[in-house]
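The model shown is predicted, which means the values in this text are computed figures rather than measured ones. Numbers restart at 1 for each chain; the letters A, B, ... are given by sequence-line order, proteins then strands.
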Amino acid sequence: MQFATWNVNSLAVRLPQLLDWLAAHPVDALVLQETKLTDDKFPQAEIEAAGYRVAFHGQKTYNGVALLSREAASDITRNIPGLADEQARVIAGTVGDTRVIGAYFPNGQAPGSEKFAYKMQWLDALRAWVREELARHPQLVLMGDFNIAPEDRDVYDPVAWAGQIHCTPEERAHFQQLLGLGLSDAFRLFEQPPKSWSWWDYRNLAFRKNQGLRIDHILVSPALKPRVSACEIDKAPRKNERPSDHAPVIVTLDAQP
DNA sequence: ATGGCGCCACGATGGCGA
């Protein structure tokens, strides 16, 4: 069983790459971020033709998330229940026995800004809700673009990025609080190559110089953790001609005992 | 150097991302 997350930075632009990727990586479920599409423009037919069922939650211009799965997901939740939020950032569904939560965490722009305050509030609401979801669904995966680099080893230049957005102590504390719910960072369950990133700036030849951040994550619940057999960042799509600035992350789980 | 690139809504350039 495989789950994956990918910030596609416009599904309208990236749809051909998504279909190519799914053909090469027939994962059981995939969450997308930054679809940047209203629901009436979502390419549902093309994705269904590729063998996936899909649920989506979009808006004009910004944000937008989707949940693709081989088997139809049930109990779809859009955004964080109880949080008044104009921005389409969360979609969750139950795939088989697993609760799959896909999220596009706020960027936060800069510490001290209004957008940073929104990020903090959003993170508070997310944590409270995920705690409830974990109580309901022992088998749970939370994945997406967290816009948080959890540790200095997740940053190509931790000195330059110290205290900058994605690397502030406040954001990192929130990441740790998610782990405090019992979740595990699947990527760090394994020995990984140093300088492993999931995002590279479009500018400054950052990908060629491998200057990036690891900000896309897959967190697994205690019930799933013993089944995780691999977790990888797939850099290949970042080498495409018109790539997303993010790479997909894939987790592999053994079948249930 | 606060730029650089890419996407979107525009119908020129600005907001935003990270």
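Nearest-nucleotide positions on DNA chain B place A:N204 closer to the 5' end than the other of A:N204 and A:T61.
Nucleic acid contact for A:Y104: sugar-phosphate only, since backbone atoms but no base atoms lie under 4.0 Å from a heavy atom of the residue. Counting any heavy atom pair closer than 4.0 Å across all strands shown, A:L205 reaches no nucleic acid atom. Heavy atoms of A:D216 sit nowhere under 4.0 angstrom from any nucleic acid atom.
In summary, A:R214 and A:D185 engage in a salt bridge, as defined by a charged side-chain N under 4.0 Å from a carboxylate O. With respect to the salt-bridge test (charged N to carboxylate O, under 4.0 angstrom), the residues A:R172 and A:D152 qualify.
Distance noted for atom P between B:dG15 and B:dC10: 15 Å (whole Å). Rounded to whole Å, the C1' atom of B:dC16 lies 16 Å from the corresponding atom of B:dG4. B:dA1 and B:dT13: their C1' atoms are spaced 22 Å apart (whole Å). For the C1' atoms, the distance linking B:dC7 with B:dA18 amounts to 14 Å, nearest Å.
Listed by first and then second residue, the ring-ring contact (aromatic ring centres under 6.0 Å, His included) pairs involving residues 80-103 of chain A amount to none (not counting sequence neighbours). The stretch residues 95-112 of chain A participates, sequence neighbours left out, in these salt bridge (Lys or Arg N to Asp or Glu O under 4.0 Å) pairs: A:R99-A:E133. Sequence neighbours left out, the pairs with a member in residues 204-229 of chain A that pass ring-ring contact (aromatic ring centres under 6.0 Å, His included) are A:F146-A:H217, A:F175-A:H217, A:W200-A:F207. Residues in residues 62-92 of chain A take part in no ring-ring contact (aromatic ring centres under 6.0 Å, His included) pair, two or more places apart or across chains.
Separating the CG atom of A:N63 from the C1' atom of B:dG17 is a distance of 10 Å, rounded to the nearest angstrom. Atoms CG (A:N147) and C1' (B:dG17) sit 8 Å apart, rounded to a whole Å. Per the geometry, CZ belonging to A:R238 stands 12 Å off C1' belonging to B:dA18, to the nearest Å. In this structure, OH of A:Y202 is placed 13 Å from P of B:dC5, rounded to the nearest angstrom.
Below the 3.5 angstrom threshold, one finds a donor paired with an acceptor across the side chain of A:N107 and the base of B:dA18.
Distance from the side chain of A:N9 is smallest for B:dC7 among the nucleotides B:dC7, B:dC8, B:dA18. Of all nucleotides listed (B:dG6, B:dA9, B:dA18), B:dA18 comes nearest to the side chain of A:I215. Between B:dA18, B:dG17, B:dG4, one nucleotide has an atom nearer to the side chain of A:N7 than all others, and that is B:dA18.
With a 4.5 Å cut-off between side-chain heavy atoms of Ile, Leu, Val, Met, Phe, Trp and Tyr, the cluster of A:L15 takes in A:W6, A:V8, A:L11, A:L18, A:L19, A:W21, A:L22, A:V27, A:L30, A:L32, A:L37, A:F42, A:I47, A:Y52, A:V54, A:F56, A:L68, A:I250. In the hydrophobic clustering, where aliphatic and aromatic side chains (Ile, Leu, Val, Met, Phe, Trp, Tyr) are joined below 4.5 Å either directly or transitively, A:V31 groups with A:M1, A:F3, A:V65, A:L67, A:I76, A:I91, A:V95, A:V100, A:Y104, A:V141, A:M143, A:F187, A:L189, A:F190, A:I218, A:V220, A:L224, A:V228, A:I233, A:V249, A:V251, A:L253.
Separation of atoms CG (A:D145) and NE2 (A:H246) is listed at 4.5 Å; rounding is to 0.5 Å. Atoms CD and CG, from A:Q121 and A:L83 in turn, are 8.5 Å apart once rounded to the nearest 0.5 Å. The distance from the CG atom of A:D85 to the CZ atom of A:R78 is 15.0 Å, given to the nearest 0.5 Å.
Contact check of residues 10-20 of chain A against DNA chain B (heavy atom, cut-off under 4.0 Å) returns A:S10, A:V13, A:R14. Only A:H166, listed by number, bring a heavy atom of residues 158-173 of chain A to less than 4.0 angstrom from any atom of DNA chain B.
Among residues two or more places apart in sequence or in another chain, the side chain to side chain donor-acceptor pair (under 3.5 Å) test is passed with A:R242 by none. Residues forming a side chain to side chain donor-acceptor pair (under 3.5 Å) with A:E48 (at least two apart in sequence, or on another chain): A:Q44.
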Would you tabulate the nitrogen or oxygen pairs shorter than 3.5 Å linking the protein to nucleotides 10-12 of chain B?
none

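The phosphate of B:dA18 has OP1 or OP2 within less than 4.0 Å of a side-chain N or O from A:H246. When the side-chain nitrogen and oxygen atoms of A:K36 are compared with OP1 and OP2 of B:dA9, none of them lie within a distance under 4.0 Å. In this structure, A:R242 does not reach the B:dC5 phosphate: none of its side-chain N or O atoms is under 4.0 Å from OP1 or OP2.
A:Q17 places no side-chain N or O within 3.5 Å of a backbone atom of A:R14 that could act as its donor or acceptor partner.
Between the side chains of A:Y202 and A:N9, a donor-acceptor pair is found at a separation under 3.5 Å.
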- Toss me the dot-bracket line for DNA chain B: Watson-Crick and G-U wobble, both under 3.5 Å, 5' to 3', using | for pairs to another strand and [ ] for crossers. ....(((((...))))).

